[in-house]
Structures are given as structure tokens and as C-alpha cells.
Colleague: 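For reference, the structure I am asking about is given below.
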Amino acid sequence: QVQLVESGGGLVQAGGSLRLSCGASGRIFSSYNMGWFRQAPGKEREIVATLSWSGNNKYYKDSVNGRFTISRDNAKNTVYLQMNNLKPEDTAVYYCAAGITTVALGRGTANYWGQGTQVTVSA
């Protein structure tokens, strides 16, 4: 099995930046496609970004495209989400996920989920 642990969340003012990290343990992290999702209070979980195992293919939710960057360091078993120019609308619990295919991740289906890290953006 694979265990995922997110970190890097916190409180930031609008326009600020945060870098989320997702550390993986268990097995063959490099074989998995990775994704970041978020869930705001009173709303359903939504996709933020996905990254293929090779690191060559990326997808971003339209509202974060150009502001967020997903990346991975397979040697460190870690995936990152760099978030710039944060907006109050970005406030949510952010979850890291690992899946066999990016198509499945796009549907919200993953093999493994992290526990989430809170991101709060004040106006």
C-alpha cells in the first residue's frame, strides 16, 4: 500500500503564496499518477491538478491555471503544489491523491488519499 501525507497548508493573505507537499511511503511512488483535490466548506470535493507518472502531462482546473503549478520529485517520493496569487475562493482542505490513471483521477477516483491540509486565504 501507499500512504500519503500532505503538509504546507496554512493561513495566507490574498495575493500570497503557499507550497503544498505530499510525501508518499509504501511502494513505487514513481509508478502512480498524482493529483491534488480540494474541498471547501459546504461544497463537494473538486479536482485542482493532476500529473502523470512521467511528469510530462499536467492538467489544471481552469480557475487555478496560471497560478498553481503541480510537480513531482520521484527521488524524494514527493509531489508538490505551488500556489501563487491565492484568492479567498481557494480556501479549502487540499488533498493529495495517487491513482493508476489520470483519467480515473479526473473523475475523482484514486487508489490512495492523503488526510488533507487546510489552506485559508483571507481577503
Side-chain angles (χ1 to χ4, degrees):
Q1 73 279 11
V2 174
Q3 295 181 339
L4 305 175
V5 180
E6 303 96 331
S7 63
L11 175 64
V12 65
Q13 292 184 334
S17 299
L18 286 173
R19 187 193 191 199
L20 305 183
S21 298
C22 174
S25 63
R27 69 187 187 196
I28 51 178
F29 169 77
S30 61
S31 297
Y32 287 91
N33 302 286
M34 304 298 298
W36 285 97
F37 297 79
R38 67 186 183 187
Q39 186 169 20
K43 296 184 178 181
E44 295 185 348
R45 185 179 62 198
E46 64 180 5
I47 192 169
V48 177
T50 62
L51 178 65
S52 64
W53 70 267
S54 67
N56 294 327
N57 299 312
K58 299 178 181 180
Y59 164 83
Y60 296 98
K61 177 181 175 64
D62 287 343
S63 62
V64 309
N65 194 21
R67 298 188 297 120
F68 291 10
T69 302
I70 186 171
S71 62
R72 66 192 298 165
D73 186 338
N74 290 339
K76 297 181 179 179
N77 288 350
T78 302
V79 62
Y80 305 96
L81 184 68
Q82 178 66 46
M83 305 184 294
N84 297 325
N85 192 23
L86 283 161
K87 304 175 180 180
E89 306 92 274
D90 296 318
T91 295
V93 176
Y94 283 71
Y95 297 91
C96 177
I100 297 175
T101 67
T102 54
V103 172
L105 285 174
R107 297 195 300 265
T109 301
N111 295 84
Y112 304 99
W113 292 92
Q115 86 289 346
T117 185
Q118 177 70 49
V119 172
T120 302
V121 184
S122 62

Colleague: Between Ala92 and Arg38, which heavy-atom pair has the shortest distance, and what is it?
Modeller: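 It is CB-CB, 3.8 Å.
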Colleague: Determine whether Tyr94 and Val64 fall in the same hydrophobic cluster, where Ile, Leu, Val, Met, Phe, Trp and Tyr are linked whenever their side-chain heavy atoms lie under 4.5 Å apart.
Modeller: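 Looking at the clustering, Val64 is in the same group as Tyr94.
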Colleague: Over all heavy atoms of both residues, which pair between Ile70 and Trp36 is shortest? Give the atoms and the distance, please.
Modeller: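 Here Ile70 and Trp36 meet closest at CD1-CD1, 3.6 Å.
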Colleague: Just wondering, do Thr102 and Asn57 contact through their side chains at under 4.5 Å, heavy atoms?
Modeller: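 Counting from C-beta outward, Asn57 and Thr102 never come under 4.5 Å.
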Colleague: Is there side-chain contact between Met83 and Val119, with heavy atoms separated by less than 4.5 Å?
Modeller: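 Result yes, sub-4.5 Å side-chain heavy-atom pair found.
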Colleague: When rounded to the nearest 0.5 angstrom, what distance separates CG in Leu20 from CZ in Phe68?
Modeller: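 Output value for this atom pair is 8.0 Å.
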Colleague: Measure the shortest side-chain to side-chain distance between Glu6 and Leu4 over non-hydrogen atoms and say whether it is less than 4.5 angstrom.
Modeller: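 With C-beta onward as the side chain, the pair stays apart.
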Colleague: Enter the distance from Tyr32:OH to Asn111:CG here, rounded to the nearest 0.5 Å.
Modeller: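 Result: 5.5 Å between the selected atoms.
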Colleague: So which residues get pulled into Val5's cluster when ILVMFWY side chains under 4.5 Å apart are joined, directly or through others?
Modeller: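 Same cluster as Val5: nobody, lone residue.
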Colleague: Over 60° means perpendicular and under 30° means parallel, so tell me whether Tyr95 and Trp113 are parallel, tilted or perpendicular.
Modeller: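 Ring orientation of Tyr95 relative to Trp113: perpendicular.
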Colleague: Can you tell me how far the CZ atom of Arg19 sits from the OG1 atom of Thr69, to the nearest 0.5 Å?
Modeller: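 Here the interatomic distance stands at 10.5 Å.
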Colleague: If you take all heavy atoms of Val2 and Ala24, which pair is closest and at what distance?
Modeller: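 Shortest heavy-atom contact: CG1-CB, 4.2 Å.
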Colleague: Is the side chain of Thr91 donor-acceptor paired with the backbone N or O of Val121 at a distance under 3.5 Å, no angle test?
Modeller: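 Here the side-chain-to-backbone pair exists.
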Colleague: Ser71 and Leu51: which non-hydrogen atoms are nearest, and at how many Å?
Modeller: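 That would be C-CD2, 3.5 Å.
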Colleague: Can you measure from CD1 (Ile47) to NZ (Lys61) and round to the nearest 0.5 angstrom?
Modeller: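 Result: 9.0 Å between the selected atoms.
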Colleague: Please report the closest heavy-atom contact between Met34 and Ala98, naming both atoms and the distance.
Modeller: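 Heavy-atom minimum between the residues: SD-CB, 3.6 Å.
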Colleague: Do we see a donor-acceptor contact under 3.5 Å between the side chains of Asn84 and Ser17?
Modeller: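 A donor-acceptor contact under 3.5 Å links the two side chains.
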Colleague: List for me each residue that meets side-chain hydrogen bond (donor to acceptor under 3.5 Å, both in side chains) alongside Asp62, sequence neighbours excluded, and say none if there are none.
Modeller: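 Partners of Asp62 under the side-chain hydrogen bond (donor to acceptor under 3.5 Å, both in side chains) test: none.
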Colleague: How long is the straight-line distance from OH of Tyr60 back to CG of Leu81, given to the nearest 0.5 Å?
Modeller: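 So the gap between those two atoms works out to 7.5 Å.
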Colleague: How many angstroms lie between CD in Gln39 and CD in Glu44, if you round to the nearest 0.5 Å?
Modeller: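 One gets 8.0 Å once the value is rounded to the nearest 0.5 Å.
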Colleague: What heavy-atom pair brings Asn33 and Ser52 nearest, and what distance separates the two atoms?
Modeller: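 The answer is OD1-CA, 3.1 Å.
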Colleague: Any chain of hydrophobic side-chain contacts (each under 4.5 Å) joining Val93 to Leu105?
Modeller: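 Looking at the clustering, Leu105 is in the same group as Val93.
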Colleague: Answer with yes or no whether the hydrophobic clustering places Val48 together with Val79; edges join I, L, V, M, F, W, Y residues whose side-chain heavy atoms lie under 4.5 Å apart.
Modeller: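 Hydrophobic grouping puts Val48 with Val79.
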Colleague: Should the heavy atoms of other residues, nucleotides or ligands under 6.0 Å from CD1 of Ile100 be counted, would the total exceed 12?
Modeller: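 12 or below, so no.
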